[in-house]
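Inspection log for the structure reproduced underneath, given as structure tokens.
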Amino acid sequence: MKNLLLRLALVSLAAPAFADGIESATVTTTASESASANTIAIESTPVAVVQNPNSQFVGRYNYFQNPYGWMMSGGGTTKLSESEIEQLNWAEKLFEGGTYNVFSGATYNQWDGQRYPAGMSYGGNIFGQTGQLAGFSIGGAVSIMNPFSSLNGYINNGRAYSAYIPTFTQITLPEAFLEYQYQNIVNVDLGYVAFDNSPWLAGNMYTNMLTVPTTYQGVGVNVYAGGGWLLSALAFNAAQFGSQPGFIAQTNYSWMPGGGQSNGTAAIGANYASNDGNYNLRLWGYQFDNFGTLLYGDTSINMPVSKEQSFTLSAQFGSDQQWMQGNNAITQAYNQNIQSYVAGVKAAWNIDKFQVYASANTMWGPNGAYGNGAFISPYTQSLQVDPLYSEAWSYNMVTQGIPGNMYKLGGQFALDSWGTNLVFQPSFVYVGSGDTRVNGLQEMDLVLNYPIPQVRGLYLFGVYAQQWYNQQATNVTNNLYQEYEIQSGIYYTW
């Protein structure tokens with residue numbers, strides 16, 4: 001299984017990416033031709049040159065740090081033309097050319113076979129960013145959770161704190177940054193920032209949108225180099241999870257003996273897209289202090305069949321090693337090395353408002369390595385956060401630290417009778433592993449997303465996950481099995 005997936009992934013990653021070098025322009029040409037006494041002016045039809053998707057990543061109104069920029073909003077962002085901006089004074093440029101979002105809501109999260117709630121919370125966040133002066137702007141976000149009282153009498157059988165779901169009254173500053181942009185080419189963010197285009201850093205645990213996603217104390221640089229290439233670099237020395245009070249060295253492995261902390265991360269990445277958007281390639285490398293070196297790549301190609309129908313093939317590969325870190329959190333806690341590999345493939349059929357897909361992932365490593373080949377991810381684990389194609393909502397090989405194989409069938413369906421914004425995402429996952437605790441585990445997930453068009457800014461979200469296990473192979477007392485999981489939320493953004 002792993003050899004087949006590895007070969008398919010490597011073949012896809014090695015696919016050549018050709019760019020025609022044409023990014024964006026509207027070309028109009030005029031030719032004059034004299035014939036005897038008459039002069040004939042011939043004006044050609046304007047030719048619209050296709051804009052490369054990556055050429056639009058950096059932009060005045062993209063607001064890369066806005067965690068709610070992708071959502072429908074009851075308000076909106078004022079987009080001024082260049083001529084309008086030139087007529088403003090410096091104060092007007094700062095405040096009239098910026099944006100803000102006020103986001104509020106309530107969530108309920110419940111999981112594990114003992115039916116203990118994992119967190120109930122309510123509150124709101126305010127994001128704001130000024131307009132630009134000579135390319136510079138400032139921005140940030142304030143998060144206020146459970147301002148009057150906590151809704152949680154107990155959490156997870158006595159566990160009184162979650163780093164990911166706000167369960168007590170708290171006020172945090174998840175973002176505060178200085179941003180610089182040069183045209184549509186360079187974007188630099190410095191301060192408390194998010195890295196949402198980095199596959200092994202982006203996202204929020206439990207997809208709990210009530211909290212601002214995990215942010216970092218550091219700097220991120222994105223440069224559109226032309227020819228379809230977006231280049232990225234980042235570095236940080238602390239992180240703040242969704243309900244964590246402050247930026248510290250905590251990671252997803254802080255439960256390990258020794259604390260599992262990390263004092264710094266540096267990463268570089270490259271993203272290529274063809275002009276028509278049908279081919280994409282990502283390559284990233286991470287150096288995690290105390291947690292080794294992670295190399296990752298994925299690629300996809302979309303093959304249109306008709307205006308409303310296409311097929312998409314994707315592949316991914318990753319390597320996790322302890323290069324230049326012979327002494328790290330894993331060796332100190334377990335006297336084991338970091339050495340793991342992961343590969344995956346995915347095929348999807350897209351037709352109009354529907355998609356169905358099948359995927360497979362394999363993870364492996366040598367006996368005696370951590371988890372016999374478990375992949376290490378200090379800042380993103382399962383629940384739709386890490387980029388592995390076949391993860392389930394409740395079970396994931398990275399989260400559990402157990403290598404093996406995972407297979408997934410899923411789809412995405414928009415219902416016209418409720419408006420195309422109502423999206424259902426059902427899926428079924430099967431786990432095959434040499435570890436008898438999880439071998440044969442099955443999971444069914446149903447995810448609902450509904451930005452209600454009649455009430456712009458109102459958003460409903462829900463998840464139901466159900467697990468079944470091979471009773472002859474699995475010990476259900478090992479905390480790797482969750483009978484069911486429920487997550488829900490209602491949000492409003494202005």
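Computed from a predicted structure; not experimentally measured.
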Worked verdict on Ile330 versus Ile376 for side chain to side chain contact (heavy atoms under 4.5 Å, CB included) = CA-CA 10 Å; Ile330 301 298; Ile376 300 291; 4.0 Å; yes
Steps toward ring-ring contact (aromatic ring centres under 6.0 Å, His included) verdict (Trp284, Tyr296) | CA-CA 5 Å; Trp284 276 86; Tyr296 175 77; 9.4 Å; no
Under the ring-ring contact (aromatic ring centres under 6.0 Å, His included) rule, what do Trp200 and Phe375 come out as? Steps first, then yes or no, please.
-> CA-CA 12 Å; Trp200 289 93; Phe375 215 70; 5.4 Å; yes
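Judged as a side-chain contact (heavy atoms from CB on, under 4.5 Å), and not counting sequence neighbours, the contacts of Thr293 are Gln287, Leu295, Trp323.
Heavy atoms of other residues, nucleotides or ligands lying less than 6.0 angstrom from OH of Tyr182 number 12 at most. Surrounding CG of Leu231 are more than 12 heavy atoms belonging to other residues, nucleotides or ligands, all under 6.0 Å away. For Ile138, the CD1 atom counts as loosely surrounded, since its 6.0 Å shell holds 12 or fewer non-hydrogen atoms of other residues, nucleotides or ligands.
Heavy-atom minimum distance, Val219 versus Leu190: CB-CD1, 3.9 Å. Scanning all heavy atoms of the two residues, the minimum distance from Asn263 to Ala249 falls at OD1-CB, 3.8 Å.
Between the side chains of Asn280 and Ser300, no donor-acceptor pair of N or O atoms lies under 3.5 Å.
Centroid-to-centroid, the aromatic rings of Tyr253 and Phe291 come within less than 6.0 Å. Ring centers of Tyr379 and Phe236: under 6.0 Å apart, within the cut-off. The distance between the ring centers of Tyr216 and Tyr192 does not fall below 6.0 angstrom.
The cationic group of Lys346 lies under 6.0 Å from the six-membered ring centre of Tyr357 and within 45° of the ring axis, placing it in a cation-pi geometry.
Here the side chain of Asn290 pairs no donor or acceptor atom with the backbone of Ser262 at under 3.5 angstrom.
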